[in-house]
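These figures come from a predicted structure and were not determined experimentally. Just so we're on the same page: letters track the sequence lines, and every chain starts at 1.
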Amino acid sequence: MSGLNPRQLEAVRYTDGPLLVLAGAGSGKTRVITQKIAHLIGQKGIAPRHICAVTFTNKAAREMRERVGQQLTDVKTRGLTISTFHTLGLNILRREPERVGLRQGFSLLDAQDSEALIKEHLRHAQDADAISPPALQHRISRWKNDFIDPTQALSQAEDDFEARLAALYADYERSLKAYNAVDFDDLILTPAQVFRTQPDLLQHWRDRIRYLLVDEYQDTNSAQYELVRHLAGPEGAFTVVGDDDQSIYAWRGARPENLIRLKDDYPTLKVIMLEQNYRSTARILGLANTLIANNPHVFKKRLWSEHGPGEKPRVIQCKDETHEAETVASEILHLKYAENMPFGDMAILYRGNHQARQFEKVLREYNIPYFLSGGTSFFARTEIKDVMAYLRLLANPEDDAAFLRIVNTPRREIGPTTLERLAEYARTTETSLLAACETAGLNAHLGERQRDRLGAFVRLTDTHRQSVTADPAGGLRNLVDAIGYAGWLRENASSQAVADRRFENVTDLIGWLGKLHKGDFQNKRLADMVNHLTLMDVLDRQDEESGGDRVHLMTLHAAKGLEFPQVFLVGMEEELLPHRTSIEEDSIEEERRLAYVGITRARKTLTFTLTRRRKRYGEWIPSEPSRFLNELPKDALDWGDRTPDDSAVERKARGLSHLHMMKGLLSDD
DNA sequence: TCCAGTACTATTTTT
DNA sequence: TAGTACTGGA
């Protein structure tokens with residue numbers, strides 16, 4: 001436990017009751033959690049299987065697992081649970097699905113699947129165009145996070161429109177039920193609900209989890225709070241770590257007030273503040289403190305650092321967004337070639353994804369390698385969704401959504417008309433689509449050829465269900481072969497190379513399935529593996545790519561939890577940061593926290609940029625400096641002594657000379 | 001079934 | 001404006 005400061009040490013050792021650790025940015029919170037796990041096992045003698053640490057992202061869970069692994073041997077950590085909220089929820093559900101209103105083999109729909117389902121319902125609704133699918137999805141998600149079921153939503157509706165939304169929510173829930181499926185929100189909601197009504201199930205999990213640790217507690221929503229409260233029990237054997245100043249997900253249902261609520265629910269709650277920052281220079285930290293002091297606080301904290309003052313953070317004013325991108329690019333070249341900094345130490349942070357475009361363009365022109373986070377994830381790719389749908393249908397024959405996705409993929413000459421009639425028939429007989437395919441009653445609705453094709457599809461699933469269950473990886477490989485999936489990809493791709501790439505993704509998926517089966521899931525059902533794959537965002541691939549020496553481009557939201565020696569915080573303008581809609585909705589406190597998160601990502605240098613005009617929807621709009629810049633003391637920032645235009649010319653020249661230098665370096669090889 | 005032209009939409013996003 | 005999602009015609 002060496003290398004911990006007194007406060008951290010106190011947080012690690014305190015196990016007498018509920019503990020809230022308010023960990024400022026860069027104060028070593030992950031270290032506290034991992035050390036605490038080691039302490040609980042090593043000093044307190046708590047068996048690893050009784051300890052559970054919960055995070056929000058797979059990445060955070062992976063990192064925590066690695067760091068615990070550095071401190072304890074595999075043997076000592078056997079049985080320890082480190083997982084995301086959603087994986088924990090999934091494990092609770094799958095233990096006894098029948099108890100929670102599901103059947104064995106239930107499917108898990110990801111955000112995309114559930115949006116597709118919502119779209120489908122909207123298609124049949126009147127005045128469907130008044131409601132956008134993502135908005136409805138968001139609405140349903142909020143309802144679920146707040147424990148509001150369709151009936152309650154309907155009774156609370158204040159107008160017709162609300163009532164229609166509630167009705168669609170009811171339709172959606174009915175479909176999920178019929179499909180024997182849950183969505184991501186259900187993974188939290190359902191366990192929390194079940195724990196309310198079924199004490200014996202709760203008792204089982206309380207016996208299992210005797211000590212609970214929660215990371216990024218300020219991001220919990222009501223359902224997650226409830227889940228934690230149930231698991232922790234009245235005596236509250238838990239440590240939660242969070243930072244109210246880094247709460248930037250309220251729009252997604254996060255309730256930062258859960259930090260305060262904890263004090264009411266657990267009067268004996270102990271609060272420890274971690275205020276020593278190990279990341280940034282004093283000047284950067286000073287800015288962060290000054291800025292965030294403009295927000296109201298229940299817990300007052302002030303970060304300090306033993307690092308030197310460092311360089312004065314700069315503000316660079318640019319003409320427009322193109323100029324802004326060029327300025328940052330030449331600054332980057334300067335850092336790289338004049339000051340010998342690796343590209344990988346630099347990050348460009350912005351409020352909205354659309355801002356990335358200009359930067360990408362210019363970085364490409366300047367030949368600066370970059371990594372853009374926030375692309376389409378592996379599991380959003382069509383080929384992966386297809387294969388996953390096959391697996392889902394094998395595991396859960398009632399999953400109509402999966403059926404519809406693959407019944408004609410690759411092409412089996414089963415067209416929309418056939419499917420419509422099948423669906424109609426299945427609706428009247430209240431069976432799943434797959435089951436309906438082979439019932440005699442279908443004769444009245446479909447011709448012989450159509451029935452034959454559907455029958456062939458059913459036999460295909462039957463045959464492979466058995467082989468995939470026995471040997472997931474091998475069975476899936478056979479299935480992919482049998483349906484001629486590689487050929488189908490080739491037909492549909494623009495080039496052989498693209499088709500190959502896609503098929504390689506499928507091969508990777510097969511590999512993971514095999515790994516999962518050999519590892520933790522040896523005796524588990526196919527459905528369990530499929531659901532786990534759905535939750536696992538396989539970012540390893542992305543991490544590899546982000547590895548090299550590249551400049552990082554990402555949104556402020558995506559930057560939380562990361563740090564970079566050199567940070568460019570761009571677009572420091574009114575209507576961008578704070579964002580326009582936040583100004584209108586009067587929610588600039590969260591925007592201020594967003595700016596705070598951005599500033600506290602920087603270790604050594606921090607550069608703000610802003611423009612004097614920006615193109616919005618095709619029109620040039622003059623821009624105002626962000627109020628957040630005005631909240632910072634003038635003399636704490638280097639606003640540049642040159643006029644913007646002079647510096648522009650000069651920087652461009654500087655950038656170009658570096659460009660030549662780089663080309664020179666390359667041709668020497 | 002595919003492509004081209006049209007209509008739509010512009011905050012943040014993980015699970 | 002510009003990038004994308006969808007629709008309808010060939």
(message) Using a 4.0 Å heavy-atom cut-off to protein, can you give one letter per nucleotide of nucleotides 2-10 of chain C, 5' to 3': B if the base is in contact, S if only the sugar-phosphate is, - if neither?
(response) -S--S----
Residue [X], side-chain atoms from C-beta onward, closest of [options]:
X: A/Y249; options: B/dT15, B/dT13, B/dT11; result: B/dT13
X: A/E585; options: B/dT11, B/dT13, B/dT15; result: B/dT11
X: A/F184; options: B/dT15, B/dT11, B/dT13; result: B/dT15
X: A/H86; options: B/dA10, B/dT14, B/dT15; result: B/dT15
X: A/Y617; options: B/dT1, B/dA10, B/dT13; result: B/dA10

Short side-chain N/O contact from [X] to OP1 or OP2 of [N], under 4.0 Å:
X: A/N353; N: B/dA10; value: no
X: A/R580; N: B/dT11; value: no
X: A/T87; N: B/dT15; value: no
X: A/N58; N: B/dT15; value: yes

Rounded to the nearest Å, what distance is computed from the [atom1] atom of residue [X] to the [atom2] atom of nucleotide [N]?
X: A/L533; N: B/dT15; atom1: CG; atom2: C1'; value: 14 Å
X: A/E115; N: B/dT13; atom1: CD; atom2: P; value: 16 Å
X: A/E321; N: B/dA10; atom1: CD; atom2: C1'; value: 14 Å
X: A/F56; N: B/dT15; atom1: CZ; atom2: C1'; value: 10 Å

(message) Testing the 3.5 Å rule here: is there a donor-acceptor pair between the side chains of A/D110 and A/T534?
(response)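 Checked: A/D110/A/T534 side chains show no N/O donor-acceptor pair below 3.5 Å.
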(request) Verify the distance criterion only: is there a donor paired with an acceptor across the side chains of A/E575 and A/S623 at less than 3.5 Å? (result) no
(message) Once you measure the plane-to-plane angle for A/F359 and A/Y350, does it fall in the parallel (<30°), tilted (30-60°) or perpendicular (>60°) bin?
(response)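 Parallel: the ring planes of A/F359 and A/Y350 meet at under 30°.
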(message) Centroid distance below 5.5 Å plus an interplanar angle below 30 degrees: do A/H579 and B/dT11 meet both conditions?
(response) yes
(request) Check whether the aromatic ring of A/W251 stacks on the base of B/dT12, taking stacking as ring centres less than 5.5 Å apart and planes within 30° of each other. (result)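 Answer is yes, a stack.
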(request) With P as the reference atom in both, quote the distance from B/dT11 to C/dT4 in angstrom, rounded to an integer. (result)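 Here B/dT11 and C/dT4 have their P atoms 15 Å from each other.
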(message) What's the gap between C/dA5 and B/dT12 when it is taken at their P atoms, as a whole Å value?
(response)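 These two P atoms come out 14 Å apart once rounded.
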(request) Quick one: label A/R616 by what it contacts on the DNA or RNA (base, sugar-phosphate, nothing), any heavy atom closer than 4.0 Å. (result) nothing
(message) Once you apply a heavy-atom cut-off of 4.0 Å, does A/T581 come out as touching a base, just sugar-phosphate, or nothing?
(response) base
(request) Give a yes/no verdict on a cation-pi contact between A/R261 and A/Y225, requiring under 6.0 Å between NZ or CZ and the six-membered ring centre and an angle within 45° of the axis. (result) yes
(message) Judged by each residue's nearest nucleotide on DNA chain B, which is more toward the 5′ side, A/A111 or A/L594?
(response) A/L594
Counting only pairs under 3.5 Å, give me each side-chain donor-acceptor contact of residues 592-599 of chain A, with atom names and distances, residues two or more places apart or in other chains.
from   : atom 1 : to     : atom 2 : distance (Å)
A/R592 : NE     : A/E631 : OE1    : 3.0
A/R592 : NH1    : A/N295 : OD1    : 2.6
A/R592 : NH2    : A/E631 : OE2    : 2.7
A/R593 : NE     : A/S247 : O      : 2.6
A/R593 : NH2    : A/E590 : OE1    : 3.4

(request) For A/E324, check side chain to side chain donor-acceptor pair (under 3.5 Å) against everything at least two apart and list the hits. (result)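 Testing A/E324 for side chain to side chain donor-acceptor pair (under 3.5 Å), a comparison that skips the adjacent residues, returns A/T609, A/R614.
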(request) Any chance you could measure A/I82, atom CD1, to A/T87, atom OG1, to the nearest 0.5 Å? (result) 12.5 Å
(request) Report yes if the distance between the aromatic ring centroids of A/H579 and A/W251 is under 6.0 Å, otherwise no. (result) no
